[in-house]
Chemist: 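Handing you this structure, nothing more for now.
Computed from a predicted structure; not experimentally measured. In the text below, chain A, chain B and the rest are named by the order of the sequence lines, each starting its count at 1.
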Amino acid sequence: MVTIRLHNTKTRVKEVFTPIDAGNVRLYVCGPTVYDRAHIGNARPVVVFDTLFRLLRHVYGTDHVTYVRNFTDLDDKINATALARQKAGATGTLEALIAERTEETIRWYHEDMDALGALRPTQEPRATAYVGQMIAMIEVLIAKGHAYAKEGHVLFRVRSYADYGRLSGRAVDDMIAGARVEVAPFKEDPMDFVLWKPSDASLPGWDSPWGRGRPGWHIECSAMSLALLGASFDIHGGGIDLQFPHHENEVAQSCCAHPEGDFARVWMHNEMLQVEGKKMSKSLGNFFTVRDLLDQGYPGEVIRFVFLGTHYGKPMDWTAEKAAQAEATLRKWRGLVAGVPATAPADGVLAALADDLNTAGAIAELHALAAAGDAAGLKSSAALLGLLENGMGDWVDAGVDLAHFAARLAALREAAMATKDFAPVDAMKAALLSAGVEVRMSKAGVEVLPGPGFDATKLEGLL
RNA sequence: GGCGGGUUGGCGGAGAGGUUACGCAGCGGAUUGCAAAUCCGUGAAGACCGGUUCGAUUCCGGUACCCGCCUCCA
C-alpha cells in the first residue's frame, strides 16, 4: 500500500495519512455558492481535490472513497441577485427566480468543471435540502449551552468553545483587539456568529423554533458533512481564504454538537490564484471565469495542466505564457500516447502525488516517461492527474482531417525534387504555417498536423 | 496591529544537509531542398545579513520586498 502524506493545516505539519476506515475514505470540500459563473480561482480547489480524489481512489479502490462537495444554493448573495432580476422586470416569484438562478448556475458549474476534467464528486448535496438537519444541529447546540436565541436570531457562543481559533491559529482576544467584528445588539459577545437569522416576507425562509428564517452560512457545511460523512471523517478541504472564519466556525459547531467525533482529521487548504502576478479583480480587468478561458480557446485540459504545475500550497499565477507552454507539452504527449492503452501508473508519479500531492513533481516524472518513450506509462500515469484522458483530447486535432493537404504538399514536393523549383512547395508550406499547421517533411514523407493557434478557416481555398 | 504563504538559473517550477531536478527559451552539433519535428551536447540559480556545521540554496535567527486572511470571496 502506498503511503500518502498530507500537510495538515490543523497541526501545521506533513503527516502520514491513515484513513479511519480504509473501506470508505471520506472527503469533504466546500463547494460554490451558486449565484454566478465560477471564476478561475474557484476552479483551483476543484482541480486540486479532484486530483486527491483520483489518488485516493487509486490507492483505496474506486468504490472505497466518498467525496462530498456541496452546493450553497441558499445565500443572501443569491437572494440579492434574484431580487435585482425581479426589479429589472423578470417575472415570477422570488422563490422561482432564485430556483431558476441556482439551477442555471449549477448547470454551468458542472459544464465548466467537467471541461477541466474534474470527476463529479460522489455526492453534491444542496443546502436547501438540509435545512431540517441544520435546525436540528442548532437545537443541539442550544441544548448544550453553545448557542442562544435572541430576537429571532440564534448565535454561536464562541467563548463556550475553548479551542476556538486553533485551526486558524488565532486567539479570540486578539481578534477582539482587531475590532472589525460586527457588533449587533443581540450578541452576547462581538465574536459570536450567526447560526440562524430571521427572514422578512420578501426573503426565502423556513419555519423553525425561532420563527421563520434562514440558516447562517457556516452551519450548512457542518450539517451536510454530518449527514453524509458522520461525526468523524478523514479530510476536509477548501481554499485558504475559508480557513477563517468559515472553517473555524465549522469546527466549533461540529465539535460542540458532536464531541464524540473528531469532525475532520485532516484539513487541507489550497493557496490563492493570481492572474499575471496580480490579484484577480474586476477593476483590474483581469477577472476571468472558467467559461471566459474556454471561450477564448484555452482547452480545459490546458487549464488543468497549468493548475497542476504549481503545488496547491503555494500561490499560483495564471499567465498566457504558462498556458502556451502547457498546450505545447500536451500536444506533444497526445501525439505520443495516441492509440496506446492505459496500464498502471508509474511508481515515480504515484510517489510524487502521495507526497502531499506534489503535482509539479509528478509532471516532472511524466516528462521522464515521455523522454524514455514509455507511452503506456505516460498515459496511465497522466490519468492519475486527470490528463491525457480519452474524452478530453478533442482540442488536439480540432476535428479537421488534414490528410489531403499532406497529399497535395507531398505531390508538389515530389515534383520540385525533379525540377529543383521549390517555390510552389514553399508557398503552400507558408500558407499552412500561417493557418497554425505544423509541417514536417523528411525522407519518410510529409506530415501535417494542427499546431498552436490552428485556424481551420485559413485553409479554405488551399487545395 | 494579529495570523499565514511566498522570494530558486532568461522564464516557469520541484526535491534533497554534501552527488545533473525537470520543462520552456538560449547556445553548439546531427538531420533537412529550406524549415519544422526529432536526437546528441552545453552554459546558467537559490532576496539580503548573521548563526549551527567539515560542508547550507536546503536547519535556526533577523532584515527587506510581494501576497492572502482578520469584512459570510476558493
Chemist: Can you tell me how far P in B:G62 sits from the matching atom in B:G43, rounded to whole Å?
Modeler: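 So the two P atoms sit 39 Å from each other.
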Chemist: Hey, does A:Glu447 reach any base, or is it just sugar-phosphate, or nothing, if we go heavy atoms under 4.0 Å?
Modeler: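 Nothing, no heavy atom under 4.0 Å.
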Chemist: At 4.0 Å (heavy atoms only), tell me whether A:Thr310 reaches a base, stays on the sugar-phosphate, or touches nothing.
Modeler: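 A:Thr310: backbone/sugar contact only, no base atoms under 4.0 Å.
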Chemist: How do A:Met417 and A:Asp355 order along RNA chain B: which one's closest nucleotide is nearer the 5' end?
Modeler: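 Its nearest nucleotide being more 5', the pick is A:Asp355.
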Chemist: Name the nucleic acid region contacted by A:Leu273, choosing base, sugar-phosphate or nothing; use a 4.0 angstrom heavy-atom cut-off, strictly under.
Modeler: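 Result for A:Leu273 = base.
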Chemist: Name the orientation class of the two ring planes belonging to A:Phe156 and A:His146 (parallel below 30°, tilted from 30 to 60°, perpendicular beyond 60°).
Modeler: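 Rings of A:Phe156 and A:His146: parallel, under 30°.
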Chemist: Mind running salt bridge (charged side-chain N to carboxylate O under 4.0 Å, His left out) on A:Glu124 and A:Arg69 for me, showing each step along the way?
Modeler: CA-CA 5 Å; A:Glu124 298 182 282; A:Arg69 186 181 63 208; 3.3 Å; yes
Chemist: NA contact type, A:Val194, heavy-atom cut-off 4.0 Å: base, sugar-phosphate, or nothing?
Modeler: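 The answer is nothing, as A:Val194 stays clear of every strand by at least 4.0 Å.
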Chemist: Select one nucleotide: of B:C22, B:C24, B:C73, the one nearest the side-chain heavy atoms of A:Asp75.
Modeler: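 Side chain of A:Asp75 sits closest to B:C73.
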Chemist: For A:Gly169, answer base if it contacts any base atom (sugar-phosphate contacts may also be present), sugar-phosphate if it contacts only those atoms, and nothing otherwise; contact means non-hydrogen atoms under 4.0 Å.
Modeler: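 It contacts sugar-phosphate atoms only.
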Chemist: As a test of reading the structure: which of B:G33, B:G6, B:A74 is closest to the side chain of A:Lys314, going by heavy atoms?
Modeler: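 Of the candidates, B:G6 comes closest.
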Chemist: The side chain of A:Asp241 is closest to which nucleotide in this list: B:C24, B:A14, B:C73?
Modeler: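 Comparing B:C24, B:A14, B:C73 against the side chain of A:Asp241, the answer is B:C73.
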Chemist: Could you tell me whether the side chains of A:Thr81 and A:Asn79 share a donor-acceptor contact shorter than 3.5 Å?
Modeler: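 The criterion, which ignores hydrogens and geometry beyond distance, is not satisfied for A:Asn79 and A:Thr81.
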Chemist: Of all the nucleotides listed (B:G15, B:G5, B:G2), which has the minimum atom distance to the side chain of A:Arg170?
Modeler: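 Closest nucleotide among those given: B:G2.
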Chemist: Once you apply a heavy-atom cut-off of 4.0 Å, does A:His367 come out as touching a base, just sugar-phosphate, or nothing?
Modeler: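 Sugar-phosphate contact only - A:His367 comes under 4.0 Å of backbone atoms but never of a base.
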Chemist: Can you identify which nucleotide, out of B:G33, B:A74, B:G6, has its nearest atom closest to the A:Pro315 side chain?
Modeler: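 Out of B:G33, B:A74, B:G6, the nucleotide with an atom closest to A:Pro315's side chain is B:G6.
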Chemist: With a 6.0 Å cut-off (strictly less than), is the heavy-atom count around CG of A:Asp114, excluding the residue itself, greater than 12?
Modeler: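 For A:Asp114, atom CG is crowded (more than 12 foreign heavy atoms under 6.0 Å).
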Chemist: Could you work out which one of B:U7, B:C34, B:A37 sits closest to the side chain of A:Asp426?
Modeler: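 Among the listed nucleotides, the one closest to the side chain of A:Asp426 is B:C34.
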Chemist: Can a donor-acceptor pair be found between the side chains of A:Glu15 and A:Thr11 at a distance below 3.5 Å?
Modeler: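 Yes - a donor-acceptor pair under 3.5 Å links their side chains.
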Chemist: So does A:Asp317 pair up with A:Lys322, basic N to acidic O under 4.0 Å?
Modeler: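 Looking at A:Lys322 together with A:Asp317, the answer is no, because their closest N to O distance does not fall below 4.0 Å.
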Chemist: Taking CG from A:Leu330 and P from B:G12, how many angstroms apart are they, rounded to a whole number?
Modeler: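 It works out to 20 Å between those atoms.
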Chemist: Is there, by distance only and without an angle test, a donor paired with an acceptor across the side chain of A:Lys429 and the base of B:C34 below 3.5 Å?
Modeler: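 Side chain to base: pair found, below 3.5 Å.
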Chemist: Please determine, for the side chain of A:Arg440, which listed nucleotide (B:G33, B:A74, B:A37) has the closest atom?
Modeler: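 Of B:G33, B:A74, B:A37, B:A37 is nearest to the side chain of A:Arg440.
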Chemist: C1' atom, B:G15 versus B:G46: distance in rounded Å?
Modeler: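 The same atom, C1', in both gives a distance of 13 Å.
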Chemist: As a test of reading the structure: which of B:A14, B:A21, B:C24 is closest to the side chain of A:Asn358, going by heavy atoms?
Modeler: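 That would be B:A14.
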Chemist: Figure out the CD/P separation between A:Gln274 and B:C73, and round it to whole Å.
Modeler: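 Roughly 20 Å, once rounded to whole Å.
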Chemist: Where the side chain of A:His39 is defined as all heavy atoms beyond and including C-beta, which of B:A74, B:G23, B:A14 is the nearest nucleotide?
Modeler: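 So the nucleotide nearest the side chain must be B:A74.
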Chemist: Identify which nucleotide among B:A74, B:C34, B:A14 has an atom closest to any side-chain atom of A:Pro45, counting heavy atoms from C-beta outward.
Modeler: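 Between B:A74, B:C34, B:A14, the one nearest the side chain of A:Pro45 would be B:A74.
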